[in-house]
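The structure appears below as structure tokens.
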Amino acid sequence: MIDANRLFGRRLNSEWRFQYRVWKMAVDWTVALYIVIPAILVAGYQYVSWWRDMPAWGAAIPSVVWLTVLYAASGLSSLRLFMEEADQLFLIQNKAWMDKLKRLGIAYSLVVRVLLAALVTGVIAPFLVKVHGFGALHLVLLALLAAAAGAFRLLAERLLALKLPRIAGWMANSAAYGLLGVLFVFAGGLAGGGLPAAVLTVALIGSTAALARVRVHLSGTFYRDAAYESAQRMKYAALLMGQVVPKPSRLLKRTKPLVFRNSRHLFRTRSPDRVLAEAIVKSFFRSGTQLKQYAQLTAACSFGLLLMPVAVKWVFLIGVSLLLAYWVKLYGKEVLASSFMKMFGWRDEDRRQAIRKATPWMFVPVYIPAGLALGWTAYGLWAGLLLIPAGWLIGYVMGELLNAW
């Protein structure tokens, strides 16, 4: 006979099976063989090398930065209660089952955050130990503090979102996030760990237990909980499918963009190919979706260049450049195939030249942090500054070689 525990087990098993199928669509055996497995091996080798010989760039990063990274990373997972909309037919009438399901969901979410805090602490441990002199006890206290801070934020953020209006909840969450971050950095590193970290950890654990009790007995939130649970279940599927499902062109959407708000010319000479190139560049940076993915690529590329050996850095940068050139070509074709652009009689040569001329403009923002990261970590600060303008040159070369046909 089924009870609340078995129901939770079934839903947890269903969740893991669903997420496995989602990621299996993106990571088949070829991706795993040629990308995932080599990336894991390179990361493992690099991690071991940090313990043996700390790179110069690692020694230059202060402990505050690593503590901030740990604090931010410890709050990446979500609160899962495993509620479903169909529960309103029977489960919502059984308060004991509802409370039990909430308790188990909260416990599962807290375990995930504890494991996440332990993982991130282990990743940054070489820098804290080799550079900043953290001992084993200090590192354990820091991991416990990160887990306690992540657990507290897990419940506090969701409770504020449920009890306060959207803007007020966002402001309260931001204030609490910043205040707790300052306390975390102070107790975890600036005060030398020890008693401050232990006191803050105990206080956060007690506060988390109190918030968990409040969350279990909070009523009138079933429909919002079910909607939130559905969104968390589907977030990875939506992320992956959002890259392959075609969407209509947004060139005619009248919103105020973040970049290129004023319609000024990018090229002094006005010709059909330059007009089209300008449309490609501006529509790309005015699109929130494209801009978000572009920022993610820039951050991932820059961070990867910080961690890799010198020889691998250049190979990685060339690979990213090829990927970016292909991205520009695909997006340019999408823009030129939009209903608005089809209203005009553009020549095929103008279309090709437009994508070629747009390519350097798309390379420059990526190469500002990426060139700085590569040059600084490999050859010094001046080399990093000199590599910043290399984005235009590499974009021009990629445009001539790959995007001119």
Side-chain angles (χ1 to χ4, degrees), residues 35 39 42-43 46-47 49-50 54-73 76 120 123-124 126-127 131 181 239 243 257-261 266 280-331 358-399 402-403:
I35 297 179
V42 170
Q46 192 64 50
Y47 183 77
S49 69
W50 290 340
M54 179 58 57
W57 63 265
I61 299 178
S63 61
V64 175
V65 174
W66 296 118
L67 294 175
T68 304
V69 170
L70 176 59
Y71 175 70
L76 292 179
V120 178
V123 170
I124 66 175
F127 304 95
V131 177
L239 175 65
Q243 313 304 317
L258 183 64
V259 184
F260 290 122
R261 295 189 178 188
L266 299 180
I280 293 172
V281 174
K282 287 185 176 181
S283 64
F284 182 90
F285 288 106
R286 285 171 174 172
S287 170
T289 302
Q290 299 293 337
L291 193 60
K292 180 180 179 181
Q293 295 173 2
Y294 190 81
Q296 291 172 346
L297 173 67
T298 303
C301 176
S302 303
F303 186 72
L305 289 171
L306 289 174
L307 307 181
M308 296 176 180
V310 177
V312 180
K313 292 178 190 289
W314 288 104
V315 177
F316 177 74
L317 190 64
I318 293 174
V320 171
S321 300
L322 293 172
L323 175 63
L324 185 57
Y326 183 65
W327 186 5
V328 174
K329 189 170 187 176
L330 289 181
Y331 184 77
T359 303
W361 289 88
M362 315 287 267
F363 270 68
V364 171
V366 172
Y367 270 80
I368 291 175
L372 181 62
L374 189 153
W376 194 359
T377 57
Y379 309 108
L381 178 58
W382 286 108
L385 296 176
L386 291 174
L387 280 176
I388 290 178
W392 181 272
L393 178 60
I394 296 177
Y396 178 81
V397 173
M398 290 294 176
L402 303 177
N403 292 350

Which atoms form the tightest heavy-atom contact between [X] and [Y], and what is the distance?
X	Y	answer
Cys301	Leu317	SG-CD1, 4.4 Å
Ser302	Ala373	O-CB, 3.8 Å
Val123	Tyr47	O-CE1, 3.5 Å
Pro365	Thr298	O-CG2, 4.2 Å
Trp66	Ile61	NE1-CG2, 3.5 Å
Pro126	Met54	O-CE, 3.5 Å

(message) Working note: Thr377 + Leu305, criterion side chain to side chain contact (heavy atoms under 4.5 Å, CB included); need CA distance, chi angles, decisive distance, verdict.
(response) CA-CA 8 Å; Thr377 57; Leu305 289 171; 5.8 Å; no

Partners passing ring-ring contact (aromatic ring centres under 6.0 Å, His included) against [X] (at least two apart in sequence or in another chain):
X	result
Trp314	none
Trp376	none
Phe316	none

(request) Over 60° means perpendicular and under 30° means parallel, so classify the ring planes of Trp57 and Trp50, tilted if in between. (result) perpendicular

(request) Measure the spacing between CG of Leu70 and OG of Ser63 and express it to the nearest 0.5 Å. (result) 12.0 Å

(message) Between Trp327 and Leu297, is there a side-chain heavy-atom distance shorter than 4.5 Å?
(response) yes

(message) Using the rule given for side chain to side chain contact (heavy atoms under 4.5 Å, CB included), can you reason through Leu324 versus Tyr294, listing the C-alpha separation, both sets of side-chain angles and the distance that settles it, and then say yes or no?
(response) CA-CA 9 Å; Leu324 185 57; Tyr294 190 81; 4.1 Å; yes

